[in-house]
Amino acid sequence: MPHIEFASVVNALILGLSIASIWLIAAIGLTIIYGTVGVINMAHGEFLMLGAYTSYVLQSFFGLPFLLCIPASFIVVGAIGLVIERGLIRYLYHRPLDTLLATWGVSLVLMQGVRILFGSDPKYVSVPEIFQSNVEIGFVSLSVFRIFVFGFTAAVVAGTVYLFYRTRFGMQVRAVMQNKEMAASFGINADRVYMTTFAIGAGLAGMAGCLFGVLAIVLPTMGTAYVVQAFLVVVVGGGTLLGSVAASGLTGELHSIFAMVSNDTFARFLLYVLIVVFLRFRPRGLFAVAKARR
């Protein structure tokens, strides 16, 4: 019995890491957009949904392998995000309420547009057979696809950290975040930085949607459930990349442990209660942005 209980705990912790990685993928793009541009993007869930449908279309109509669908989803959804930012969002910077309402409207348009094009019936994204097996490590059984998601998430986080902290573009982004006027005096085009950052955040959401399409059915409304968790991760993390990584790990493990001793619905209830209590005493999250954006 102790062995069984220990095995259950270990499996729950591993499942928690899996949940954390999935939530983190969804939250990275949202963190970039919110942390850099200051936009609460209510259409982020629909960017995920577009990534899933991009994979479905590329597989079903063009026969593209799943591994190539991931970067393709980044490019397609990133391009859509670029068009939305150039056509609408850039006129609403520094107007939080207007941006919130505008992105909510964009989410409804995208959702209904996909429903008109593809209908409301579920679609599916398939993966290679190599990802459909399990790996046994002692008394722990790991899905190969889950292992791939772990590695992919780590690569995305590492790439994002490198981009924003080790490149010239990242230096420009951080300069604009700290003081837009001062950055402009050094020749940094803040408008171009905002445009590029928004497109990158949308593209990352598209890649996340490609992966989510494997784990669940693809529907026009699928983004809603994932974006709620992504927002929670961003809020608890304080709107920073490091905070999102820590918050996704913490919330994922707590959710998994609560679900092990009760059920998934009650686990979500307990998790939300803990998050509300946490934000009551630390409203700026685990790692808040050091200085307000100008």
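Note: hydrogens, waters and symmetry copies are ignored here, and every other heavy atom, side chains too, is used.
A donor-acceptor distance shorter than 3.5 angstrom exists from the side chain of K123 to the backbone of D121, with no hydrogens or angles considered. A donor-acceptor pair under 3.5 Å is absent between the side-chain atoms of Q59 and the main chain of V125, judged by distance alone.
A 6.0 Å sphere centred on CZ of R192 holds no more than 12 heavy atoms belonging to other residues, nucleotides or ligands. Heavy-atom neighbours of I130 CD1 from other residues, nucleotides or ligands within 6.0 Å: at or below the threshold of 12. In Y162, the OH atom is not crowded: 12 or fewer heavy atoms of neighbouring residues, nucleotides or ligands sit closer than 6.0 Å.
One distance of note links CG of L88 with CG of D98; it measures 10.0 Å at 0.5 Å rounding. Atom OG1 in T103 sits 10.5 Å away from atom CG in L110 (nearest 0.5 Å). The distance from atom CZ of F212 to atom CG of L48, rounded to the nearest 0.5 Å, is 5.5 Å. Considering CD of Q112 and OG of S107, their distance stands at 10.0 Å, rounded to 0.5 Å. One distance of note links CG of N189 with OG1 of T196; it measures 9.0 Å at 0.5 Å rounding. To the nearest 0.5 angstrom, M42 atom CE is 9.5 Å from L101 atom CG.
Residues V156 and I25 have side chains not in contact (no heavy-atom distance under 4.5 Å, counting atoms from C-beta outward). The closest side-chain heavy-atom distance from T160 to T31 is not below 4.5 Å. A 4.5 Å side-chain heavy-atom check between F148 and L67 finds at least one atom pair inside the cut-off. Proximity of F118 to V57: side-chain heavy atoms (C-beta onward) are separated by under 4.5 Å at one or more points. Residues F66 and C210 are in side-chain contact: their nearest non-hydrogen atoms beyond the backbone lie under 4.5 Å apart. Looking at T221 and R115, their side chains come closer than 4.5 Å, going by heavy atoms from C-beta outward. The side-chain heavy atoms of Y53 and P220, taken from C-beta on, include a pair separated by under 4.5 Å. Within the 4.5 Å cutoff, the side chain of Q229 has heavy atoms near those of the R268 side chain.
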Test log, rule side chain to side chain contact (heavy atoms under 4.5 Å, CB included), inputs V218 and Y124: CA-CA 6 Å; V218 179; Y124 301 91; over 6 Å; no
(message) For T251 and L232: C-alpha separation, side-chain torsions, deciding distance, then whether side chain to side chain contact (heavy atoms under 4.5 Å, CB included) applies.
(response) CA-CA 9 Å; T251 55; L232 289 178; over 6 Å; no
Evaluate side chain to side chain contact (heavy atoms under 4.5 Å, CB included) for V144 paired with Q132, printing each intermediate quantity in order.
-> CA-CA 7 Å; V144 174; Q132 299 177 9; over 6 Å; no
Practice problem: Could you check T197 against I33 for side chain to side chain contact (heavy atoms under 4.5 Å, CB included), going step by step and ending with a plain yes or no? | Solution: CA-CA 6 Å; T197 304; I33 293 175; 5.5 Å; no
**Request:** Check step by step if side chain to side chain donor-acceptor pair (under 3.5 Å) holds for S73 and S55.
**Result:** CA-CA 7 Å; S73 297; S55 300; 3.1 Å; yes
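Nearest heavy-atom pair across S248 and L24 is OG-CB, 3.6 Å. N41 and L30 make their closest contact through O-CD1, 4.0 Å (heavy atoms, listed as atom of the first residue, atom of the second, distance). Closest approach of M49 to L219, counting heavy atoms only: CG-O, 3.5 Å. Summarising the geometry of V233 relative to A27, their closest heavy-atom pair is CG1-CB, 3.7 Å, with the distance given to 0.1 Å. Between V234 and S244, the shortest heavy-atom distance links the atoms CA-OG, 4.2 Å. Minimum interatomic distance between L58 and A72 (heavy atoms only, all atoms of both residues): CD1-CB, 3.4 Å.
Judged purely by distance below 3.5 Å, without hydrogens or angles, the side chains of Y93 and E85 pair a donor atom with an acceptor atom.
Annotation: salt bridge (charged side-chain N to carboxylate O under 4.0 Å, His left out) contacts of R86 (sequence neighbours excluded): D191.
In the hydrophobic clustering of this structure, M111 does not group with I80; members are Ile, Leu, Val, Met, Phe, Trp, Tyr whose side-chain heavy atoms approach within less than 4.5 Å, directly or through other members. Both F145 and I70 are assigned to one and the same hydrophobic cluster, defined by single-linkage of ILVMFWY side chains at heavy-atom distances under 4.5 Å. Under the 4.5 Å side-chain heavy-atom criterion for ILVMFWY residues, a single connected hydrophobic cluster contains both F62 and V76. The same ILVMFWY cluster, assembled from side-chain heavy atoms under 4.5 Å apart, contains both V214 and F131. When the side chains of ILVMFWY residues are joined at heavy-atom separations under 4.5 Å, either directly or via intervening members, Y91 and Y194 end up in two distinct hydrophobic clusters.
Between H44 and F47, the ring planes lie perpendicular to each other; the angle is over 60°, past the 30° to 60° tilted range.
Residue M171 belongs to no hydrophobic cluster, having no ILVMFWY side-chain heavy atom closer than 4.5 Å to its own.
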